[in-house]
Amino acid sequence: MDSCMVTPVTQVAFQLPDEDLEAIDALVPAKYPSRAEALRSAVKMWLRHIEDQRIDSALAAGYRLLPPGEEEHKWAEISVETLDKAQLDW
């Protein structure tokens, strides 16, 4: 299988209010090579956010079906204490 496969893309045209486009254009020189790249990045962040929300909802539903017991709470406390003692600089 070729590791240099090109992802299919589709051009999308849509309208934005002038003030929004001006705000995007003001951000482009400092962070993005082009307006299109800034918009692609925004869409990726939005999709990632939606996926994170879906995962969070699924986890919450699972915990509602099978709440953690006393044993899990003890392990959670040990984990937090251990991380606190490690003084990690994340």
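The first residue of the sequence shown is numbered 1, and numbering continues consecutively from there.
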TODO: Can you measure from CG (D52) to CG (L47) and round to the nearest 0.5 angstrom?
DONE: 11.0 Å
Please tabulate, for the side chains in residues 4-19, all donor-acceptor contacts under 3.5 angstrom to protein atoms that are two or more places apart in sequence or on a different chain.
none

Open item on the list: Check this for me, if you would: do E51 and R48 make a salt bridge, where the nitrogen-to-carboxylate-oxygen distance has to be below 4.0 angstrom?
Closed with: no
- [ ] Only counting residues at least two apart or in another chain, list the ones meeting side-chain contact (heavy atoms from CB on, under 4.5 Å) with A36.
- [x] S34, R40
TODO: State, to 0.1 Å, how close A38 and V28 come at their nearest heavy-atom pair, and which atoms those are.
DONE: CB-CG2, 4.1 Å
Task: Separation of D25 CG from E22 CD (nearest 0.5 Å) - done: 8.0 Å
Task: Any donor-acceptor pair under 3.5 Å from S41 side chain to E37 backbone - done: no
Task: Closest contact, heavy atoms only, Y32 versus M45 - done: OH-CE, 4.3 Å
Open item on the list: How long is the straight-line distance from NZ of K44 back to CG of L39, given to the nearest 0.5 Å?
Closed with: 12.5 Å
Open item on the list: Please give me the minimum heavy-atom distance between L21 and R35, naming the atom from each residue.
Closed with: CD1-NE, 3.5 Å
Task: Side-chain H-bond candidate by donor/acceptor type, H73 with E77, under 3.5 Å - done: no
TODO: Kindly check if the number of other-residue, nucleotide or ligand heavy atoms within 6.0 Å of CD1 (I78) is above 12?
DONE: yes
